[in-house]
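Here the structure is laid out as C-alpha cells; the discussion comes afterwards.
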Number of protein chains: 2
Amino acid sequence: MARPERRTVRDIRRGNRAVLLHTLYFSGPTSRNDLTARTGLSAATVSTMTAGLLAENIVVEAGQVESDGGRPRVLLRVNPEYGFAVGVDMAETHVRVGLFDLEMTERAKVDYVLRPARHDPELVARHILSGVEVVLSDAGVSPEQVLGVGVGVPGIVEPGPDGVIHAKTFGWDGVPLGALLRRGTSLPLYVDNGAKTLGQAELWFGSGRGSSEAVIVLLGVGVGATIVADGTTFRGVSSSAGEWGHTKIVADGRPCRCGGRGCLEAYVGIEAILDRAGVASQGDWEEDLDRLLASESPVIQETVSYLGVGLANLVNLINPEKIVIGGWVGARLGERLLPGIRRATAANSLAEPYAATSIVLGRLGPDAVALGAATLVLEEFLNAPQVARITAAG
Amino acid sequence: MARPERRTVRDIRRGNRAVLLHTLYFSGPTSRNDLTARTGLSAATVSTMTAGLLAENIVVEAGQVESDGGRPRVLLRVNPEYGFAVGVDMAETHVRVGLFDLEMTERAKVDYVLRPARHDPELVARHILSGVEVVLSDAGVSPEQVLGVGVGVPGIVEPGPDGVIHAKTFGWDGVPLGALLRRGTSLPLYVDNGAKTLGQAELWFGSGRGSSEAVIVLLGVGVGATIVADGTTFRGVSSSAGEWGHTKIVADGRPCRCGGRGCLEAYVGIEAILDRAGVASQGDWEEDLDRLLASESPVIQETVSYLGVGLANLVNLINPEKIVIGGWVGARLGERLLPGIRRATAANSLAEPYAATSIVLGRLGPDAVALGAATLVLEEFLNAPQVARITAAG
DNA sequence: TCGTCTTCGTTCAGGCTGTGAAAGAAGGCG
DNA sequence: CGCCTTCTTTCACAGCCTGAACGAAGACGA
C-alpha cells in the first residue's frame, strides 16, 4: 500500500538535479554529453542545470578531452571543496572525529580515549564538539563550509530530532545525544547506529558498491547488520532494524549479555568466541583472537558453523545480492576462513537465494564507522544540494 | 546509494493521478473539496483531474451531501465496475479462481481439485485458463473488462516475464507458468508467491491495513513471511525474500523437508507439530490440530515457544510496526494462544523493537491468497490507471 | 590561410504541469 | 428576490523538460 505523494513541477527540478549530481559524483569527470546519455535527460536540460551548478560552485570544470575530430568535451566534476562533512565514531572505548571533503578524503582527525565505565553523556558530547573544532582548525576549514556532522553510536537510535540513544552496554538509556550536541553547534546533525554507518560506508565506498539489495554485517564486540533494500538503509518502524546479533540461532542456548539466550552474538561475538575457547583474556582481544586462529582449536570451526547459520538466515529471509562481512572480528575470520564461511552458509540456506548471493569481505578498515557517518551528510547533499547554505552559529 | 531517476512533467501527472485514485479508493466517497485537503493538491488540479477520471468512467459520482448552508458537495468514488481482476490461488491440493470487481467483492469463483502427485504444469495451466473463462461467463463479464490476472503459487517465483517457478514440494523446478498461461490469454499476468499474495491481502484489506512497516506471517503446511517495507512488499534480489520458515532457530536441530536442519518450519509447520506430538495423522490435519489443541499436551507450549523465537527474530531484525499471523494453523493457534505467543516473543526480543511491534491475528480467511493475487492487479491499476485499455485476444 | 566537417554545447519556442485568484454554480435563508 | 456561504471551475501564469535550430570549437585538407 505504497501511498504516493503529491508532486509539483518544482520537485522535478530538485529530483533531476539530484540525478545529475549522483551521476557526476559516481562517474567521476564526465562531459555534459555523457551526462545526457547517462541520465536520460535532454541535452538542453543538462546544459541549463550544469550552468546553475557551476554558478553555485557545486560543480567545477575538470579539463577537456578531445573527441573524434569535433569540439572537445569539457569534463565536469563535483567540487570536492564545495563543502566538508564531519564524521564521528563514538565507540565503547573511544571517540574519533574526522573531517572529510566531498570526495570523502580525510583531511584531519582526532581521537579521544574513553576510560571504561566513564561514559558521562555530557563528557562525550563535549569530546565530540571540541573534536569538531579541532579538525576544522587543523584543516583550515571554517564552520560555514561544513555541510553537517554525522555521528555513529552504539545501540539503538530513536528516530526524531533529538537523537535519543539506547545503549545497554554503555549504560545509556534514553540519552538525547543529538539535543546535547545541538546546544553546542548549529551544524546539521545526523545521528545513527554505528553498525549502520559502517554499512553505509561499505555500501558507498567499499565492497557493497553498486549493490542495491545487500546486507552489511558487523562482527566485533557486538554483532549487527545493515540491511539495504532498494539502495537505502532499512530502518524499520523505530530505527532499530538490523539487530542481527540478537536473533536466536539456538532456542534456549547460551546466555547473552542482552539478557536473552541463544543469540547469535552469544556464539560469534568476540567475547563469546574467546569464552567458548576457554581463553582467559588479559584484555587484548585482538591478540587473543589471532592466537586462537593460529591454533587448531575446534572452536574456530564451530564459530564458522554458527556464523554460517546466522548468515544463512539472512540469505533466506532477506535474499540479498551481496553480503559484506565487516568489523574487525569479521576481517580476521574472513581473511582465512571465507571459503568455510561460504560453505557453512550454503549448507543452511535454500539453494535459490544462496545462488543469488555473493559473500565478500569488507574493504574498509576501522575508520569505516566515521567515514560512514560522514557519508550520511554526503547523501543528504547529493539528494538535495542546498542553494542557500545554512549559516553556522557555533 | 539510492539512485534517483529522471523525471519529466508527465510523470507528475501520472503520479498525482495515482495519489488521487489511492485517496479516493481508500477514503471511500469523497468530495473534490475533501480531496484537495487529503492530497495536498490545489482545488484547480483536483478539478481538472477528476473531470478526466469521470470522462474515462474510472470515477463516478456517488450522491451529494449538504454543506453548512453552501453549495452541497458532490461525492466521488472509484467505479467498482470500471474493470475486474482475476485472482488465482494455486495450492498444493487445489486451484481456485476468483473474479473480483475493483472493490474486491468476489463476483464468481471456481475450484479445481488437484490429485496429490498429479501436478503436471500443462494441466494446472489449463485449469487456470478454463477457470478464468468460467468465472467470466458466470459473472457476465467480458475479457475486455478484465484488468489482469494475479496468480499466487507455492515456492519461489523468479522475477521476469516468464513467471518461472521453483516449488520443491510440488516437484516443479523451473516451470515457466507465466509463459504457459500467456499462450492461452493475452490478459496482463502477475505471478507471485502465495505467501506474498496472502500478505498483500492482509496488508490492503485485513489486519495490516494502514501499516507501512509490517510482516505478515503464514503458518500452514509451509511457513513463510511477507516483509513489507515502506508500504511495499520486499522481494529481495531474486524475489525469494521471506523464506522465514527455513531460517534456523536450532543450530543442528530437527531435520526439515527442505533438507536442512533446525528450520522454524521443522518446529511450527503443521507436520512438525503433529510429528512432535506423536500424532499419526489419518490425513485430516485440521482435525488433528484441533484435537491436539484441546488436549493438555506440552507440545502446544513448546510450539508457542518456538514460534516466539521465530517471531522475535523478525522483531529484532526487521523492527516492524505490526506482525500479522495468518494461515490456517496460525489462525487456530492464535485463537487461543495469542497472549502466550506475545509473551514468548517478548522473552526473545530486545525491549525497544518489541515495544514498537504489535502482534495481531490475520482477519482474512482461506480465500486470502486469491484475493491478494487479485490485489496485485488492483495495485497496478491504482498506480497507473490505463487510459487506453489493452485489448484481450483470448 | 581558409573552408569544411564533426562533435559538443546553448538557446528558443512550445507543450505540459500545478497554482492562485477570480468567477461561476448551487443551495439556504431572511 | 437578494444575499450569504460553500463548493467547483476557469484562466492567466510561472516553472519544467524537450526537440530543433543555432552557435562554438577544434581537426583536417586544399
Side-chain angles (χ1 to χ4, degrees), chain A residues 4-21 23-24 27 29-55 59-77 384-385 387, chain B residues 4-21 23-24 27 29-55 59-77 384-385 387:
Chain A
E5 275 178 18
R6 137 193 128 106
R7 286 190 187 290
T8 169
V9 272
R10 237 111 167 200
D11 297 316
I12 292 196
R13 190 66 161 185
R14 224 193 330 274
N16 281 341
R17 220 171 125 111
V19 171
L20 211 59
L21 265 186
T23 311
L24 226 29
S27 306
T30 314
S31 72
R32 290 174 239 260
N33 213 327
D34 268 13
L35 286 173
T36 67
R38 286 177 196 264
T39 60
L41 292 164
S42 72
T45 303
V46 170
S47 180
T48 58
M49 206 127 61
T50 51
L53 291 168
L54 279 164
V59 161
V60 291
E61 297 195 349
Q64 298 192 347
V65 290
E66 60 181 15
S67 57
D68 307 329
R71 174 176 174 175
R73 5 188 158 195
V74 176
L75 298 181
L76 302 174
R77 59 185 297 204
V387 177
Chain B
E5 275 178 17
R6 139 193 127 103
R7 287 192 185 290
T8 168
V9 273
R10 237 110 168 204
D11 297 315
I12 293 196
R13 190 67 160 190
R14 225 192 332 274
N16 282 341
R17 219 171 126 112
V19 171
L20 211 59
L21 264 186
T23 311
L24 226 30
S27 306
T30 313
S31 72
R32 289 176 240 263
N33 212 327
D34 268 12
L35 286 174
T36 68
R38 285 176 198 265
T39 61
L41 291 164
S42 72
T45 303
V46 170
S47 180
T48 57
M49 207 127 61
T50 51
L53 291 168
L54 279 163
V59 161
V60 292
E61 296 195 350
Q64 298 192 347
V65 289
E66 61 181 15
S67 56
D68 307 329
R71 174 175 174 175
R73 7 187 158 197
V74 175
L75 298 180
L76 302 174
R77 60 185 296 204
V387 177

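Order of the sequence lines sets the chain letters (A, B, ...), proteins ahead of strands, with each chain counted from 1. The structure presented is a predicted model; accordingly, all values stated were derived computationally and were not measured.
For Ser47(B), no side-chain nitrogen or oxygen approaches OP1 or OP2 of dT8(D) to under 4.0 Å. Side-chain nitrogen and oxygen atoms of Arg14(B) include none within less than 4.0 Å of the OP1 or OP2 phosphate oxygen of dT17(C). Note on Arg6(B): a side-chain N or O is less than 4.0 Å away from OP1 or OP2 of dT18(D). Residue Arg73(B) places at least one side-chain N or O under 4.0 Å from the OP1 or OP2 atom of dC7(D). Using a 4.0 Å cut-off, some side-chain N or O of Ser42(A) falls inside it from OP1 or OP2 of dT18(D). Contact check, Arg71(B) against dC4(D): no side-chain N or O comes under 4.0 Å of OP1 or OP2. Within the 4.0 Å cut-off from OP1 or OP2 of dC17(D), at least one side-chain nitrogen or oxygen of Asn16(A) is found. Under 4.0 angstrom from either OP1 or OP2 of dC17(D) there lies no side-chain N or O belonging to Thr8(B). Applying the 4.0 Å criterion to OP1 and OP2 of dG18(C), one finds that Arg13(B) has a side-chain N or O inside that range.
For Ile12(A) and dT18(D), the CD1 to C1' distance is 12 Å, given to the nearest whole Å. dG9(C) atom P lies 11 Å from atom CG of Leu54(A), rounded to whole Å. The distance from atom CD of Gln64(B) to atom P of dA26(C) is 10 Å, rounded to the nearest whole Å. Atoms CG (Asn33(B)) and C1' (dT9(D)) sit 13 Å apart, rounded to a whole Å. Following rounding to the nearest Å, Glu66(B) (CD) and dT6(D) (C1') show an atom-to-atom distance of 12 Å. Atom CD of Glu61(B) is separated from atom C1' of dC7(D) by 13 Å (rounded to the nearest Å). The distance between atom CG of Leu35(A) and atom C1' of dC8(C), rounded to the nearest whole Å, is 13 Å. When rounded to the nearest whole Å, the span between CG of Leu75(B) and P of dC7(D) equals 12 Å.
Comparing Leu41(A) and Arg32(B) by the nucleotide of DNA chain D whose heavy atom lies nearest to each, the residue mapping closer to the 5' end is Arg32(B). Comparing Met49(B) and Ala44(A), the nucleotide of DNA chain C nearest to each residue sits closer to the 5' end for Ala44(A).
Rounded to 10 degrees, the angle between the two end axes of the helix from dT1(C)-dA30(D) to dG30(C)-dC1(D) is 30°, with five pairs used at each end.
Smallest separation of non-hydrogen atoms from Asp11(A) and Arg6(A): OD2-O, 4.2 Å. Considering all non-hydrogen atoms of both residues, Val74(B) and Gln64(B) come closest at CG2-NE2, 4.0 Å.
Asn16(B) places a side-chain N or O within 3.5 Å of a backbone atom of Arg7(A) that can act as its donor or acceptor partner. In this structure, the side chain of Thr39(A) engages the main chain of Leu35(A) through a donor-acceptor pair within 3.5 Å. Proximity of a side-chain donor or acceptor of Thr50(A) to a complementary backbone N or O of Val46(A) within less than 3.5 Å is detected.
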> Passes side-chain contact (heavy atoms from CB on, under 4.5 Å), Thr8(B) versus Arg14(B)? Steps please.
Replying inline: CA-CA 10 Å; Thr8(B) 168; Arg14(B) 225 192 332 274; 5.7 Å; no
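With hydrogens and angles left out, the side-chain atoms of Thr30(A) and Ser27(A) include no donor and acceptor closer than 3.5 Å. No hydrogens or angles considered: nothing links the side chains of Arg38(B) and Thr23(B) as a donor-acceptor pair under 3.5 Å.
Using a 4.0 Å heavy-atom criterion, one finds that Val46(A) contacts no nucleic acid atom at all.
Side-chain atoms of Val9(B) lie closest to dT17(C) of the nucleotides dA25(D), dT17(C), dT10(C).
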